[in-house]
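The next block holds one structure in the form of structure tokens; read it before the comments.
Note that the coordinates shown come from a computational prediction; the quantities given were computed from them, not determined experimentally. Worth knowing before you read on, the calculation uses all heavy atoms, side chains too, and leaves out hydrogens, waters and symmetry mates. Just so you know, ligand 1 is whichever comes first in the structure, and atom 1 is the first atom listed for that ligand.
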Amino acid sequence: MQESLSGTHTARANSNIALIKYWGKRDAALNLPAVGSISVTLDALSTQTTVAFRAGTGEDELLLDGAPASATRAHRMLDLIRERAGTRSAATVTSTNNFPTGAGLASSASGFAALAMAACAAAHVDASPRELSILARRGSGSAARSIFGGFVELHAGTAPDGSDAFAEPILDAADWPLSVVVAITSREAKSVSSTAGMGRSAASSPFYPAWTDTAEQDLADMRSAIAARDFARVGELTEYSCLKLHALMITTRPALIYWNAATVAAIHTVRELRDGGIPVYFTIDAGPQVKALCTPADAPAVAQALSAVAGVHEARTSGLGGGAHLVPRP
Ligand code: PMV
């Protein structure tokens, strides 16, 4: 064992938003998804993480947006990387988001993708993009997708060890420029975490079997809509997957209701814009924010309409972004 290791690296990863949603785990310990998912990586929401391994053992230290944080899943990911590097050295992790943490803006996606990449580099572990995606998935399912840019699919896989549960790029961001306008309706951290909510849905919603049974068809439909660059079809499938997810959440016991009044108002605004001739489609994760998918040309009008909705604090426009990358040292 290489007892003592020292090395520092910084990585930056973008967040992503799922068009076909992931909800439910086929293995909780390895964090294996019960269904596949398809997302777009967002260039305006990112996490930058520096990992420094220091000589000697001890506790890992984690600073999230300047404040000390305790994150079991981050420590577990570092343990996996230490095991692979053959070291027991402790790490100092400094991570900053350029958006509010834990409020349905997928900070875990960009956070665990950046952590996996920075920690592997700092530990001198040579991991392929697929291995990084598998590692990021251990932190959070959606993080597996943030290793890559553009349109990305995370496979649920069937292998008990999770070796086939990784993400892969479908289409580069530059090949089909789109915009996502994020309407922020609350800056508070969500009440029920995704992991807790997923377990609860699987255990109690009568819709859960329908959710898993219909996932493959949704993925196949979305893949072909993306391949055909059929924006209306991509948008229609996106809203369908989102509403199916929230129907599952609402029929969970106790119910998972992540929406607030402004979330519902923003949904109606998107539908009104569409009735008025602007092709725009909404999606919502385990939180109250509404993300509107549109063309870059329509993004200013969509952002203006969403900012005017009562209860919307801010509408932030993002393009599609690239995958996680190491940041060169100054
Ligand atoms: O990756 P997690 O554990 O934060 O779960 C993500 C769940 C959703 O955001 C609701 C859907 C998705 O595919 O991102």
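With salt bridges taken as basic N to acidic carboxylate O contacts below 4.0 Å, none links R229 and D175. Between D79 and R76 there is no salt bridge, since no side-chain N of the basic residue sits under 4.0 Å from a carboxylate O of the acidic one. One finds no salt bridge joining E153 and R145 here, because no Lys/Arg side-chain nitrogen approaches an Asp/Glu carboxylate oxygen to under 4.0 Å. Checked for salt-bridge contact, R84 and E131 meet the test: a charged N lies under 4.0 Å from a carboxylate O. Using a cut-off of 4.0 Å between Lys/Arg side-chain N and Asp/Glu carboxylate O, D164 and R26 are scored as salt-bridged.
Between T195 and ligand 1, not a single N/O pair is under 3.5 Å apart. On a distance-only criterion, Y22 and ligand 1 share at least one N/O pair closer than 3.5 Å.
Residue, atom and distance of the protein heavy atom nearest to atom 3 (O) of ligand 1 are S194 CB, 3.7 Å. Looking only at protein heavy atoms, the nearest one to atom 9 (O) of ligand 1 is D285 CG, 3.3 Å. Nearest to atom 5 (O) of ligand 1 among the protein's heavy atoms is M198 CE, 3.4 Å.
In the vicinity of G141, heavy-atom distances shorter than 4.0 Å reach the ligand 1 atoms 1 (O). Every atom of ligand 1 is numbered from 1 in the order shown, and the set under 4.0 Å from a heavy atom of S108 is 4 (O). Listed by number with element, the atoms of ligand 1 under 4.0 angstrom from any heavy atom of A286 are 10 (C). For ligand 1, the atoms lying closer than 4.0 Å to a non-hydrogen atom of R145 are 12 (C), 13 (O), 14 (O). Close contacts of ligand 1 with A18, meaning ligand atoms under 4.0 Å from a residue heavy atom, involve 12 (C), 13 (O), 14 (O).
Contact annotation: for S142 versus ligand 1, heavy atoms closer than 4.0 Å belong to both the backbone and the side chain. By the criterion of a heavy-atom distance under 4.0 Å, neither the backbone nor the side chain of H246 is placed next to ligand 1.
Note: F151 CZ to D172 CG = 10.5 Å, rounded to the nearest 0.5 Å.
Within the 4.5 Å cutoff, no side-chain heavy atoms of L320 are placed close to those of T41.
Between the side chain of D285 and the main chain of A18, no donor-acceptor pair closer than 3.5 Å is present.
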